[in-house]
Amino acid sequence: MGPAERYNALKGIQDIFPPDIYTWQKIEKIAADVFSVYGFQELRAPIIESTDIFVRSIGETSDIVEKEMYTFSDKAGRSITLRPEGTAPVVRCYVQNHLYNLPFPQKFFYSGPMFRYERPQKGRFRQFYQIGVEAFGVADPTIDAEILSMLRLFLDTIGLKELTFEVNSIGCEQCRSGYRKALHDFFLNKFDNLCPDCKRRFGVNPLRIFDCKVDFCIELRKGAPRVTDFLCNECKEHFHTLLLLLQTLNIPYVINPDMVRGLDYYTRTTFEVTTEHLGAQNAVAAGGRYDRLVEEFGGPPTPAIGFAIGMERIATLLKSSQKQEIPAPKVFIATIGAPAEKEGLVIADKLRGQRIWVELGYTDKSLKSQLRRADRLNTDYVFIVGDEEIQSGMVKWKRLSDGTQGKVPFSSIVHFLSGYSV
RNA sequence: GUGAGUGUAGCUCAAUGGUUAGAGCACUGGACUGUGGCUCCAGGUGUUGGGGGUUCAAGUCCCCUCACUCACCCCA
């Protein structure tokens with residue numbers, strides 16, 4: 001690239017602008033509309049936090065903390081991190097501001113950029129946007145079902161199809177210690193045959209061996225104990241009730257006993273919504289329960305559940321499946337000559353005062369080119385103002401959809417367009 | 001961090017190692033001097049990502065570098 005193009009956005013970080021921005025606005029609007037009928041209220045947490053907020057919640061051995069965080073020192077030498085996910089800041093905010101004293105249950109949604117230092121690929125960026133929700137205070141699986149119902153309503157409203165809801169339960173800490181031991185015993189005598197990645201996983205988090213796609217690892221893990229077989233009675237009951245509720249709500253789901261989450265704070269319910277149309281990064285939304293996290297942040301024991309939606313991934317799916325809706329001006333004022341240009345500006349001012357979108361033609365362009373521009377903007381009405389119109393006090397109008405035209409007194413333009421005002 | 005692929009006009013892409021690197025779309029103007037879409041005509045842009053090498057000759061082959069893309073890893 002030449003000298004004029006030397007400055008580029010950082011790797012894996014993209015600009016969003018028209019026409020794509022309209023897809024993003026649509027996603028945000030539908031999310032806010034849908035979430036609000038479930039009683040979720042917006043919460044804005046900062047995008048930078050003390051590093052240990054993420055280290056302690058996500059887990060020191062997680063990939064995110066080990067190698068993906070944007071961490072740096074501020075001028076006082078404090079370790080600061082750009083948030084790699086949204087839940088930890090919300091929980092910090094919840095505890096710090098004693099939001100558990102708000103009317104129960106407390107339900108929040110948020111949206112904004114997250115940052116992970118990863119190699120970019122399809123559907124994966126270093127700065128990416130999530131819309132997330134968190135519900136605090138309810139242990140009952142009813143709210144798990146509500147959350148999934150809310151996610152379904154959002155995805156339905158936005159118009160996405162061919163999605164799979166995968167659910168699982170990874171139990172509480174008690175179930176998992178028993179399971180971890182059983183898993184350890186199972187893989188111990190197979191250790192030498194595991195792939196290098198899985199050998200590492202064995203020591204760090206044996207659950208992730210289930211994520212491996214290497215053929216002989218898939219073979220080796222056949223017959224391995226499943227976390228669902230190790231659930232305690234309470235967790236088992238919780239999971240079964242959730243599944244019944246999902247059936248009651250006609251939410252089709254697939255139990256994926258291999259689904260493990262990359263963040264350590266999850267307990268019991270985990271879920272993921274996936275698609276076949278996004279390449280390797282196939283999750284459009286994911287979440288789960290985190291019943292211990294509030295307590296770990298110094299708050300009262302508070303069960304909680306949430307999920308996050310990947311905005312880029314939703315936008316990508318929408319762009320390939322739906323025609324992009326681009327807003328168009330209602331009025332274009334084409335003018336001929338300087339006096340007319342001045343008159344056009346006055347008319348435009350009046351219409352804009354009525355909240356009507358008006359574009360101006362500017363007289364350094366021919367009438368033809370002004371009309372062409374009006375057409376490309378997909379304008380509804382063109383007003384033509386020249387010497388004749390100023391003489392007669394009548395402005396010419398033309399409706400571009402069918403080419404009909406007529407005249408209207410300058411003073412009646414707002415009335416003429418009355419159907420278009422707010 | 002690892003691997004593979006791709007870099008040519010604003011965009012999508014052509015060009016056997018051989019003259020002055022082309023086409024479509026888009027943009028601007030004209031045919032129609034005050035009327036858009038359809039048609040026709042005209043117009044402009046490139047250090048072929050950058051650097052080095054091989055060759056009589058490199059967009060094309062080789063090396064380095066940068067960028068992008070996809071995949072692994074991991075995840076939204």
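Proteins come first, then strands; the chains are lettered A, B, ... in the order of their sequence lines, and each starts at number 1.
Between A/R116 and B/C73 there is no side-chain polar atom (N or O) within less than 4.0 angstrom of OP1 or OP2. For B/U35, the OP1/OP2 oxygens have no side-chain nitrogen or oxygen of A/Q405 closer than 4.0 Å. Between A/K11 and B/C68 there is a side-chain N or O to OP1 or OP2 distance below 4.0 Å. OP1 or OP2 of B/C70 has not a single side-chain nitrogen or oxygen of A/R119 nearer than 4.0 Å.
The side chain to side chain contact (heavy atoms under 4.5 Å, CB included) check on A/A286 picks up A/R261, A/E272, with sequence neighbours excluded. The side chain to side chain contact (heavy atoms under 4.5 Å, CB included) check on A/A348 picks up A/I333, A/R352, A/V358, A/L360, with sequence neighbours excluded. The side chain to side chain contact (heavy atoms under 4.5 Å, CB included) check on A/L245 picks up A/T142, A/A145, A/T241, with sequence neighbours excluded. Residues passing the salt bridge (Lys or Arg N to Asp or Glu O under 4.0 Å) test with A/E295, sequence neighbours excluded: A/R292. In this structure, the side chain to side chain contact (heavy atoms under 4.5 Å, CB included) partners of A/D291, at least two apart in sequence or on a different chain, are A/T267, A/R268, A/R289, A/P303. Partners of A/T269 according to the side chain to side chain donor-acceptor pair (under 3.5 Å) rule, which considers only residues two or more places apart in sequence or in another chain, are A/D144.
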Can you check nucleotides 43-45 of chain B for protein contacts, nitrogen or oxygen pairs under 3.5 Å, and list what you find?
none

Contacts under 3.5 angstrom, residues 276-285 of chain A side chains, donor-acceptor by atom type, not counting sequence neighbours:
unit_1, atom_1, unit_2, atom_2, d
A/H277, NE2, A/E162, OE1, 3.0

Requested in this report: Represent RNA chain B in dot-bracket notation, 5' to 3'. Only Watson-Crick or G-U wobble pairs with both distances under 3.5 Å count; pseudoknot-style crossings use [ ] and interstrand partners use |.
Outcome: (((((((..((((....[...)))).(((((.......))))).....(((((..]....))))))))))))....

